[in-house]
There are 2 protein chains.
Amino acid sequence: MLSLEAIADTALRLLDEHGLEAMTMRRLAEGLGCSQSSLYRHVRSRDELTIIVADQAIRLGMRPPPPGLDWRSEAEWLARAFRAFLLDHPSVALLLRGTERLGPNSLQGVEVSVDRFIGAGLSPRHAAAAAGALATLIIGSVQFNLYLDATDPGEQQARRALYERLDPHTHPRMVQHATDIAGVGSDEEFEFGLRMLLDGIAVAVRSATDPLER
Amino acid sequence: MLSLEAIADTALRLLDEHGLEAMTMRRLAEGLGCSQSSLYRHVRSRDELTIIVADQAIRLGMRPPPPGLDWRSEAEWLARAFRAFLLDHPSVALLLRGTERLGPNSLQGVEVSVDRFIGAGLSPRHAAAAAGALATLIIGSVQFNLYLDATDPGEQQARRALYERLDPHTHPRMVQHATDIAGVGSDEEFEFGLRMLLDGIAVAVRSATDPLER
DNA sequence: ACCTGAACACCGTTCAAGT
DNA sequence: ACCTGAACACCGTTCAAGT
């Protein structure tokens with residue numbers, strides 16, 4: 001017997017095992033042992049399905065952080081946990097386009113983020129903006145590095161070679177610092193971006209909570 | 001007579017006028033007055049085409065900033081200019097997945113960003129990471145808000161209504177601050193994120209250039 | 001050597017026809 | 001009332017056949 005949950009589960013399995021292009025209505029029906037047309041009884045369209053699957057994935061990717069952390073450590077913990085989940089399920093990252101923003105689990109994520117930033121001392125508007133910027137950084141950093149594995153020395157080497165072969169007149173920095181730049185993987189980029197963003201938020205928190213500023 | 005440039009131009013036109021789903025090999029061939037198969041003479045696959053188009057779009061989106069700006073003002077200028085370009089060509093944002101990273105124009109963008117951050121005082125590794133984080137924020141902020149126009153009062157109102165109707169037990173902040181949170185559009189989110197990120201980078205710049213730290 | 005019509009193996013979606 | 005086979009209107013890609 002067909003249910004929305006069963007459809008979402010099978011879709012996630014197809015995604016993980018065979019990638020985004022395998023998440024078709026035909027293969028979904030085959031995996032569930034029903035006809036393609038039956039799927040449309042539970043889902044308006046493939047687009048709607050991807051929104052449901054994305055929201056479901058967000059539920060799976062959100063893990064409660066250990067208690068007792070300050071706002072910054074907790075933000076780091078949540079950000080790293082969700083990023084790790086996406087790295088484990090790379091095709092899921094391709095589904096996250098903002099369209100799933102209003103799903104129940106996404107809303108739960110916004111609630112948690114906004115609550116913590118308000119707790120830290122930000123205004124509701126700033127808290128919402130900070131939560132959005134953080135989510136953008138997490139999801140974007142996975143999405144924009146999906147097919148680049150900088151930990152693979154072969155790929156790193158290939159990038160370095162490409163940079164070194166550029167015209168030193170038009171790309172002096174790339175040529176000069178080819179090894180350094182090629183060596184910056186998505187982990188390092190993410191951790192640096194996270195630190196910068198949270199440093200900036202810390203500045204905002206201080207100026208919001210500093211009695212001299214009020 | 002068919003050329004890669006003509007193909008990329010027509011693809012961009014299709015994207016702008018009719019969206020991503022219109023960028024098909026068939027419609028491309030029709031627009032160019034050639035057969036579908038001819039396209040494969042210039043392009044290995046549709047995937048390769050999207051990479052070429054993405055890189056071409058990056059060229060169009062990069063405008064030289066006015067001279068004389070300090071590193072931070074220049075970063076803001078470049079970020080806003082590229083974001084404005086993407087908002088003008090929303091479907092282009094859907095193409096940017098990191099796969100285009102090694103195209104000639106993307107490499108030019110990395111060169112410029114890295115050069116400025118090194119000029120500000122960051123190490124090459126940090127400069128590369130900062131450039132990557134900034135690009136992620138710009139592109140992600142457009143991508144994750146593509147179908148949400150928060151300046152549209154109807155949509156803002158709908159979001160507020162949705163937040164207000166949530167269970168106050170599980171979503172206290174969303175209910176309590178529904179108006180505030182619904183009112184934060186992608187512009188505000190982007191500007192806040194940009195400020196936070198650059199504040200954080202400013203901290204790194206100070207600690208890298210401060211003689212006491214060396 | 002260059003080009004392409006037609007075909008192949010897929011898609012998402014619909015709907016008349018079945019039970 | 002519920003389900004689905006078959007069809008429709010598309011895809012990307014290939015390749016034998018033409019010039």
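Atom set for the values below is all heavy atoms of this structure, side chains included, hydrogens, waters and symmetry mates excluded. None of these values were measured; they are calculated from a predicted model. Chain letters run A, B, ... following the sequence lines, proteins first, then strands; residues in each count from 1.
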Name the pairs: protein N/O against N/O of nucleotides 5-12 of chain C, kept only if under 3.5 Å.
{"from": "C:dG5", "atom 1": "O6", "to": "B:S37", "atom 2": "OG", "distance (Å)": "2.5"}
{"from": "C:dC11", "atom 1": "N4", "to": "A:R26", "atom 2": "NH2", "distance (Å)": "3.2"}
{"from": "C:dG12", "atom 1": "OP1", "to": "A:M25", "atom 2": "N", "distance (Å)": "3.4"}
{"from": "C:dG12", "atom 1": "OP1", "to": "A:R46", "atom 2": "NE", "distance (Å)": "3.0"}
{"from": "C:dG12", "atom 1": "OP2", "to": "A:M25", "atom 2": "N", "distance (Å)": "2.9"}
{"from": "C:dG12", "atom 1": "N7", "to": "A:R26", "atom 2": "NH1", "distance (Å)": "2.6"}
{"from": "C:dG12", "atom 1": "O6", "to": "A:R26", "atom 2": "NH2", "distance (Å)": "3.0"}

Practice problem: Test salt bridge (charged side-chain N to carboxylate O under 4.0 Å, His left out) on A:R72 and A:E76 and set out the steps. | Solution: CA-CA 6 Å; A:R72 180 166 182 154; A:E76 285 170 355; 3.5 Å; yes
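Taking the charged nitrogens against the carboxylate oxygens, B:R173 and B:D180 have no contact shorter than 4.0 Å, which rules out a salt bridge. With salt bridges taken as basic N to acidic carboxylate O contacts below 4.0 Å, one links B:R160 and B:E164. Salt bridge status for A:R195 with A:E191: absent, with no side-chain N to carboxylate O gap under 4.0 Å.
One atom, CD of A:E48, and another, C1' of C:dT13, lie 14 Å apart when rounded to the nearest Å. Between the CG atom of A:L32 and the P atom of D:dT4 there is a distance of 11 Å, rounded to whole Å.
A side-chain donor-acceptor contact under 3.5 Å links B:D55 to the backbone of B:N105.
A close approach under 4.0 Å does not occur between any side-chain nitrogen or oxygen of A:R41 and OP1 or OP2 of D:dC2.
Helical stems of DNA chain D (runs of at least 3 Watson-Crick or G-U pairs, donor-acceptor distances under 3.5 Å) are listed by first residue: C:4-8 with D:12-16, C:12-16 with D:4-8.
Heavy atoms from other residues, nucleotides or ligands lying under 6.0 Å from CD of B:E48 number more than 12.
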Report all side-chain donor-acceptor pairs from residues 15-23 of chain B shorter than 3.5 Å, counting only partners two or more places apart or in another chain.
{"from": "B:D16", "atom 1": "OD1", "to": "B:H89", "atom 2": "ND1", "distance (Å)": "3.0"}
{"from": "B:D16", "atom 1": "OD2", "to": "B:H89", "atom 2": "ND1", "distance (Å)": "2.8"}

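The shortest non-hydrogen separation linking A:R125 to B:G183 is NH2-O, 3.3 Å.
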